[in-house]
Amino acid sequence: MIKQSHRDKFAAQLESYTVQAAQIRKLRSAPRLVPFHQSVEVRLAETIVLAGTILNISVSGAKITLRPNPGLFVGALVRIGSRFATVVRAIEGGIAVQFVEPFTADNFDERIRP
C-alpha cells in the first residue's frame, strides 16, 4: 500500500506539471509579429556565428532563417542577439527557438531587438 506522504508528493508533482503545461500553452499562443530589424546574429557555443533573418517573433520565441544553415539540432542552446534560446524545431532553411527568458508584454512591439 502507498503511504499518504507518497500520494501527497505525487499529487504535488502532477499539479506542478499541469501548471507548467498551461504556461507553455499560453506562451505558444502568444501573438507573433515581424520586427522592423530582421537581421540577427545567431551564436552557437560563442564561437560559431551565423547570419540570420527573423521571420517572426513572439514574447516566447522566434522563427529564424540561417545563412548558411548548419542544421542545428533540437535542444541546442544558442544566443539570438543578446538573448539565450533553445532550438525547439528545425524549419526549412532555419530554426524555431524558445527564449530562455521571455520578453515582457510592455516592451514587445515591432521595434524589438532580441
Side-chain angles (χ1 to χ4, degrees):
M1 214 182 213
I2 298 175
K3 292 183 179 179
Q4 186 64 32
S5 64
H6 291 297
R7 283 189 194 131
D8 293 342
K9 184 177 177 182
F10 186 66
Q13 280 181 322
L14 286 177
E15 178 66 27
S16 172
Y17 292 145
T18 302
V19 169
Q20 185 180 17
Q23 290 172 340
I24 290 170
R25 275 194 304 279
K26 182 180 176 184
L27 287 174
R28 287 202 45 122
S29 65
R32 290 161 171 43
L33 54 87
V34 178
F36 293 141
H37 306 283
Q38 291 179 285
S39 295
V40 69
E41 245 183 24
V42 178
R43 292 180 172 266
L44 177 64
E46 294 302 317
T47 57
I48 301 169
V49 181
L50 305 165
T53 302
I54 299 173
L55 298 176
N56 66 47
I57 191 167
S58 71
V59 293
S60 63
K63 188 160 67 167
I64 302 166
T65 58
L66 298 173
R67 296 174 309 277
N69 185 2
L72 295 175
F73 60 92
V74 172
L77 184 63
V78 294
R79 190 169 59 143
I80 310 298
S82 62
R83 287 194 166 285
F84 287 98
T86 303
V87 177
V88 292
R89 255 184 334 278
I91 62 168
E92 187 176 331
I95 55 175
V97 299
Q98 181 177 4
F99 297 124
V100 171
E101 189 174 310
F103 287 100
T104 58
D106 60 327
N107 67 353
F108 185 75
D109 60 21
E110 290 85 5
R111 296 180 306 258
I112 197 78
R113 288 186 184 213

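Below, all heavy atoms of this structure are taken into account, side chains as well, without hydrogens, waters or symmetry copies.
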Beyond-backbone contact of V97 with V42, side-chain heavy atoms, under 4.5 angstrom: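 Not in contact.
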Check: I95 and L66 side chains under 4.5 Å, non-hydrogen atoms: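 Yes; the side chains approach each other to less than 4.5 Å.
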How many angstroms lie between atom [atom1] of [X] and atom [atom2] of [Y], to the nearest 0.5 angstrom?
| X | Y | atom1 | atom2 | result |
| --- | --- | --- | --- | --- |
| T53 | H37 | OG1 | NE2 | 14.0 Å |
| I54 | K63 | CD1 | NZ | 13.0 Å |
| E41 | S82 | CD | OG | 11.0 Å |

So which heavy atom on [X] is nearest to which on [Y], and how close?
| X | Y | result |
| --- | --- | --- |
| S60 | P102 | CA-CB, 4.3 Å |
| P35 | I57 | CD-CG2, 4.0 Å |
| F99 | A62 | CZ-CB, 4.1 Å |
| A85 | L77 | O-CD1, 3.2 Å |

Hydrophobic cluster membership, I80 vs L55, 4.5 Å side-chain cutoff: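 Looking at the clustering, L55 is in a separate group from I80.
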Partner of V78 by side-chain contact (heavy atoms from CB on, under 4.5 Å), out of L44, I48, L50, I64: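 Only match with V78 under side-chain contact (heavy atoms from CB on, under 4.5 Å): L44.
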Partner set under side chain to side chain donor-acceptor pair (under 3.5 Å) for R79, not counting sequence neighbours: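 Result, side chain to side chain donor-acceptor pair (under 3.5 Å) vs R79: E46.
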Pairs flagged by salt bridge (Lys or Arg N to Asp or Glu O under 4.0 Å) wherever residues 93-103 is involved - sequence neighbours left out: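 Output for this query is empty, none listed.
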Pairing residues for S39 by the side-chain contact (heavy atoms from CB on, under 4.5 Å) criterion, not counting sequence neighbours: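 Result, side-chain contact (heavy atoms from CB on, under 4.5 Å) vs S39: none returned.
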